[in-house]
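Structure first, then comments.
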Amino acid sequence: MKIAVYPGSFDPITNGHIDIIERAAEVFDKVYVSILKNSSKNPLFTTVERQELIERVTRHIPNIEIVSFEGLLVDLMREKKATVIIKGLRAISDFEYEFQMALTNRQLAPEVETLFMMTRAQNQYLSSSIVKEIAKFNASLDGMVPPEIQEDIYRKIGQR
């Protein structure tokens, strides 16, 4: 069984994230969408809220499971018996940091491979930060996040 982990903060999940999840689920038998608990960040949504949003917009994908973790990603990889880390790339600027992380993870766990997946062109500009900034000004999130979670974002930002 080929098992992969797609880690991220997903604060909130975007159409770009969903694109990577759907495509990874076509390649792997099981994909763990792994929400990073990072104490140095101040997320808009709690881990539980992020998990609920992800579950709501990925119900149509049978071979994924949403989990949360803190600490080293390679420890989660071993726990889940996963051999591939999925990383979504939007632009060359993403690559440098992600390449460094891939090399670090390879040093810590030689059995783990990192697979870079390019986002589709229509999602290249998207990030959770951009979504939050646009929601702050009560502008449309159409095409950026699924319709069923837009109100959650506006409410959390305090615009509705």
Side-chain angles (χ1 to χ4, degrees), residues 1-38 40-45 47 50-51 53-58 60-135 140-147 149-150 153:
M1 182 180 239
K2 282 290 195 185
I3 302 171
V5 170
Y6 177 39
S9 58
F10 307 106
D11 186 41
I13 190 167
T14 69
N15 287 345
H17 294 129
I18 296 166
D19 172 47
I20 298 294
I21 293 168
E22 289 172 339
R23 290 167 46 215
E26 290 175 9
V27 175
F28 295 93
D29 299 311
K30 176 88 171 186
V31 177
Y32 288 96
V33 178
S34 305
I35 304 166
L36 172 64
K37 293 182 197 174
N38 187 341
S40 66
K41 286 191 173 187
N42 187 19
L44 178 64
F45 290 95
T47 304
R50 286 181 273 166
Q51 182 161 349
L53 292 176
I54 296 168
E55 287 171 352
R56 202 179 328 156
V57 299
T58 60
H60 63 286
I61 311 169
N63 59 328
I64 68 160
E65 185 176 330
I66 295 98
V67 297
S68 60
F69 77 100
E70 55 188 321
L72 294 176
L73 179 57
V74 294
D75 291 337
L76 177 69
M77 299 293 293
R78 289 180 179 124
E79 175 189 324
K80 299 298 182 186
K81 296 182 179 18
T83 57
V84 177
I85 299 168
I86 304 291
K87 298 302 285 190
L89 297 178
R90 294 169 297 193
I92 285 290
S93 56
D94 290 343
F95 180 76
E96 190 171 344
Y97 173 77
E98 296 299 351
F99 183 67
Q100 183 179 20
M101 292 307 302
L103 293 174
T104 301
N105 287 325
R106 188 74 164 176
Q107 176 67 32
L108 295 170
E111 71 279 11
V112 171
E113 192 63 65
T114 299
L115 175 68
F116 297 108
M117 295 183 85
M118 296 302 300
T119 189
R120 295 188 197 280
Q122 69 263 27
N123 297 320
Q124 279 187 315
Y125 70 95
L126 264 180
S127 70
S128 295
S129 299
I130 286 172
V131 167
K132 289 184 276 195
E133 187 68 17
I134 289 170
S140 174
L141 296 175
D142 290 346
M144 297 178 203
V145 299
I149 67 168
Q150 289 182 15
I153 297 166

Who passes ring pair (Phe, Tyr, Trp, His ring centres under 6.0 Å) against Tyr125, sequence neighbours left out?
none
Partner set under salt bridge (charged side-chain N to carboxylate O under 4.0 Å, His left out) for Asp94, not counting sequence neighbours:
Arg90
Consider side chain to side chain contact (heavy atoms under 4.5 Å, CB included). Of Ile66, Ile18, Ile61, which one does Val33 pass it with?
Ile66
Under the salt bridge (charged side-chain N to carboxylate O under 4.0 Å, His left out) test, residues paired with Glu55 that sit two or more places apart:
none
For the CE atom of Met144 and the OG atom of Ser127, what is their distance to the nearest 0.5 Å?
10.0 Å
Partners passing side chain to side chain contact (heavy atoms under 4.5 Å, CB included) against Leu36 (at least two apart in sequence or in another chain)
Asn38, Phe69
Glu79: which residues meet the salt bridge (charged side-chain N to carboxylate O under 4.0 Å, His left out) condition with it, sequence neighbours left out?
none
With rounding to the nearest 0.5 angstrom, report the CZ to OG1 distance, Arg50 to Thr47.
4.5 Å
Reported CE-to-CG distance for the pair Met77 and Leu72, which is rounded to 0.5 angstrom:
12.5 Å
Tell me the closest heavy-atom pair linking Glu70 and Lys37, and the distance in Å.
CB-O, 3.4 Å
Can you pull the side chain to side chain donor-acceptor pair (under 3.5 Å) pairs that have at least one residue in residues 8-18, sequence neighbours excluded?
Asp11-Lys132, Thr14-His17
Using the side-chain hydrogen bond (donor to acceptor under 3.5 Å, both in side chains) criterion, which residues pair with Thr114? Sequence neighbours excluded.
none
When rounded to the nearest 0.5 angstrom, what is the spacing between CD1 in Ile54 and CD1 in Ile13?
4.5 Å
Would you please name every residue forming a salt bridge (charged side-chain N to carboxylate O under 4.0 Å, His left out) with Lys2, sequence neighbours left out?
none
Once rounded to the nearest 0.5 Å, what's the spacing between atom OG1 of Thr58 and atom CG of Asn63?
10.5 Å
Tell me which pairs pass salt bridge (charged side-chain N to carboxylate O under 4.0 Å, His left out) where either residue lies in residues 102-111, with sequence neighbours left out.
Arg78-Glu111, Arg106-Glu113
Would the distance check show the side chain of Asn105 and the main-chain N or O of Leu73 forming a donor-acceptor pair, the cut-off being under 3.5 Å?
no
Return the orientation label for the Phe10 and Tyr6 ring planes: parallel under 30°, perpendicular over 60°, tilted otherwise.
perpendicular
Who pairs with Met117 by side chain to side chain contact (heavy atoms under 4.5 Å, CB included), at least two apart in sequence or on another chain?
Ile20, Arg23, Ala24, Ile86, Leu115
Of the non-hydrogen atoms in Pro12 and Val131, which two are nearest, and what is the gap between them?
CG-CG1, 3.9 Å
Which residues share a side chain to side chain contact (heavy atoms under 4.5 Å, CB included) with Glu98, sequence neighbours left out
Lys87, Leu89, Met101, Phe116
Using the side chain to side chain donor-acceptor pair (under 3.5 Å) rule, collect all pairs that involve residues 26-35, keeping only residues at least two apart or in two chains.
Lys30-Glu65
